[in-house]
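For reference, the structure is listed below as structure tokens.
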Protein chains: 2
Amino acid sequence: MGNQVPDIVIRRLPVYLRALNHLEAQGVAITSSQELADNLGSSAAQIRKDLSHFGEFGKQGTGYHVGYLAKQLRRILHADRTWEVVLVGAGDLGHALIRNQGIARRGFRIVAAFDNDPERVGARVGDIIIQNSKTMRQEIKARRIQVAIIAVPAQAAQGVTDILVDAGVKAILNYSPIAINVPPAIRVQYADPVTLLQRMTYYLS
Amino acid sequence: MGNQVPDIVIRRLPVYLRALNHLEAQGVAITSSQELADNLGSSAAQIRKDLSHFGEFGKQGTGYHVGYLAKQLRRILHADRTWEVVLVGAGDLGHALIRNQGIARRGFRIVAAFDNDPERVGARVGDIIIQNSKTMRQEIKARRIQVAIIAVPAQAAQGVTDILVDAGVKAILNYSPIAINVPPAIRVQYADPVTLLQRMTYYLS
DNA sequence: TGTTGTGAATGACTTCACAGCG
DNA sequence: CGCTGTGAAGTCATTCACAACA
């Protein structure tokens, strides 16, 4: 504990948190590593081991207090605050992300959106006005925004990435269908739906 | 080779294919495991080892023919055909997915969409008409559809899942923010944006 | 009794390093 | 000569199994 925690463990924590949120919403006060594992299709030992990297959150013989464990995980993941997020690419997907209330309710507020298509610039979507990409670097810097979502076509993705990184963004959720090149300190998560689908079709017919 | 291939390898193949598609589009004819690795932030040895599970696709001293390797990966992943997909949940995200041309162009055609909101049923989105969820099971069975996308709110996700599984769906891409329970033979990929974002915020400030 | 937290044992994945070949 | 394909070695992750304890 306190050591460098493997990324594979970090990747599972949001999944645990999501399950705990669900239990909490159902009014469940206590759970166990076994119950969580059944819920998530993972193993009880793995959940206990993962949590042990960060401290002792359970009670022997009893299990975990759902609300308390959720709170701890939020703290660990820095999900106990609201992150300001910029969105680049105001196509259909961009619109859907802006309107998505779940994202906002769970700690990520899209505070600005950019597009390089003059037809889209100036349009209002939800609470925000689509801005010209040219103002992007400036605005991100001024607001010290660390999280960005890319929802532009493949050919624009690397250029957008370079601007985001230069402006100080540290985490990028990339919906475009190409790998983007970033310095080692920048985190990237890929969300291209086709890649996700292809991970499953291998197993079909 | 020919043995059971680890899922972790399967999960990387679509990433390789995506990079190859990109190189192909740029007119690059030959590449190497090193070049691919640089591109993807992985390692040359890992790419070679992954590919070795399926055969020998390269030429010593030369590298890989981009078009040929891409073709082989498509064959392995069953991405050399078009998959019919059903979408459940015709909210903003559902609309965006239906309209997303990239998905269709890369082998996944959304052929039907369902929603339980009478306000949405009957509406035309792109080429398709939103149908009542009540007809879902019937239609999936009749068309023998194996792939589904869930884009409904959390509280509806498990109910939808049960119907999909009963109707014969074998692969589910789940955008809802909860874990869904399925029989072991059914594949699930999660695409909740908040989970993806939380995997990165751990590393921030 | 029931469940956690955790060393030890096992298992899986990645990297190394080089023979083999174009 | 350069790069692949691959056993062997090394590293990392998961599972086991049980002491500790409410």
Side-chain angles (χ1 to χ4, degrees), chain A residues 1-17 19-20 23 28-73 76 184 199 202, chain B residues 1-17 19-20 23 28-73 76 184 199 202:
Chain A
M1 186 220 150
N3 292 340
Q4 173 70 353
V5 178
D7 182 62
I8 195 161
V9 172
I10 301 304
R11 292 174 56 83
R12 283 192 290 260
L13 297 187
V15 177
Y16 301 160
L17 176 54
L20 291 165
L23 288 174
V28 177
I30 301 287
T31 188
S32 66
S33 56
Q34 187 60 60
E35 184 182 38
L36 279 171
D38 292 346
N39 221 282
L40 296 171
S42 86
S43 83
Q46 177 163 86
I47 292 173
R48 293 201 304 274
K49 180 72 94 178
D50 284 352
L51 296 177
S52 76
H53 285 95
F54 303 94
E56 311 195 351
F57 305 121
K59 288 206 206 331
Q60 286 150 329
T62 307
Y64 300 91
H65 187 277
V66 172
Y68 176 72
L69 182 54
K71 190 171 176 182
Q72 294 305 313
L73 287 179
I76 292 164
R199 285 176 175 171
Y202 170 80
Chain B
M1 184 220 149
N3 294 342
Q4 173 71 356
V5 179
D7 182 62
I8 196 163
V9 172
I10 301 303
R11 292 174 56 84
R12 285 192 290 260
L13 299 186
V15 177
Y16 302 161
L17 176 55
L20 291 165
L23 289 174
V28 177
I30 301 287
T31 189
S32 66
S33 57
Q34 188 59 59
E35 184 181 38
L36 278 171
D38 292 347
N39 221 283
L40 296 172
S42 87
S43 84
Q46 178 164 84
I47 292 174
R48 294 201 302 276
K49 179 73 92 181
D50 285 352
L51 296 177
S52 77
H53 286 95
F54 303 95
E56 311 193 353
F57 305 121
K59 287 203 207 333
Q60 284 148 333
T62 307
Y64 300 92
H65 187 277
V66 172
Y68 176 73
L69 182 54
K71 190 171 174 181
Q72 294 304 312
L73 286 179
I76 292 163
R199 285 175 177 173
Y202 170 80

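Chain letters run A, B, ... following the sequence lines, proteins first and then strands; every chain starts at 1. A quick note: this is a predicted structure, and the numbers were derived from the prediction, not measured.
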Tell me which of A:Arg12 and B:Ser32 sits closer to the 5' end of DNA chain D, going by the nucleotide each one is nearest to. B:Ser32
Calculate the interatomic distance between A:Gln4 atom CD and D:dA13 atom C1'; express it in whole Å. 15 Å
With a 3.5 Å cut-off and heavy atoms only, can you find an N or O donor on one side and an acceptor on the other between the side chain of B:Lys59 and the base of D:dG5? no
Rounded off to whole Å, could you give me the CG-to-P distance for the A:Asp7 and D:dC12 pair? 14 Å
Regarding C:dT3, can its base be found pairing with the side chain of A:Gln60 as donor and acceptor, where the two atoms are less than 3.5 Å apart? no
Just the rounded figure in Å: distance from C1' of D:dT4 to CD1 of B:Ile30. 13 Å
Does A:Arg48 place a side-chain N or O at less than 4.0 Å from the phosphate oxygens OP1/OP2 of C:dT4? yes
Rounding to an integer number of Å, can you tell me how far A:Asp50 CG sits from D:dT15 P? 10 Å
In whole angstrom, give the distance that lies between atom CZ of B:Arg11 and atom C1' of C:dA12. 16 Å
Distance test, side-chain N/O of B:Thr62 to OP1/OP2 of D:dC3, below 4.0 Å: no
Would B:Tyr16 and B:Ile47 satisfy side chain to side chain contact (heavy atoms under 4.5 Å, CB included), going step by step from the backbone distance to the final call? CA-CA 8 Å; B:Tyr16 302 161; B:Ile47 292 174; 3.7 Å; yes
To the nearest angstrom, the CD-C1' distance between A:Glu56 and C:dT3 comes to 13 Å
What is the distance from atom CD of A:Glu56 to atom CZ of A:Arg48, rounded to the nearest 0.5 Å? 12.5 Å
When rounded to the nearest 0.5 Å, the distance separating CG of B:Leu73 from CG of B:Leu13 is 6.0 Å
Sub-4.5 Å side-chain heavy-atom contact between A:Leu36 and A:Leu20: yes
Which one, D:dG5, C:dT4, C:dG5, comes nearest to the side chain of B:Ser52? D:dG5
Protein-nucleotide distance (B:His53, atom NE2; C:dT14, atom C1'), rounded to Å: 11 Å
To the nearest angstrom, how far is B:His65 atom NE2 from C:dG22 atom P? 18 Å
So what does A:Ile8 hit on the nucleic acid, given a heavy-atom distance under 4.0 Å: a base, only sugar-phosphate, or nothing? sugar-phosphate
Can you list everything that forms a side chain to side chain contact (heavy atoms under 4.5 Å, CB included) with A:Phe57? Sequence neighbours excluded, please. A:Leu51, A:Phe54, A:Tyr64, A:Tyr68, A:Leu69, A:Gln72, A:Arg75, A:Ile76
Kindly say if A:Tyr64 contacts the phosphate of C:dG5, meaning a side-chain N or O under 4.0 Å from OP1 or OP2. yes
Does A:Gln46 have a side-chain nitrogen or oxygen under 4.0 Å from the phosphate oxygens OP1 or OP2 of D:dT14? yes
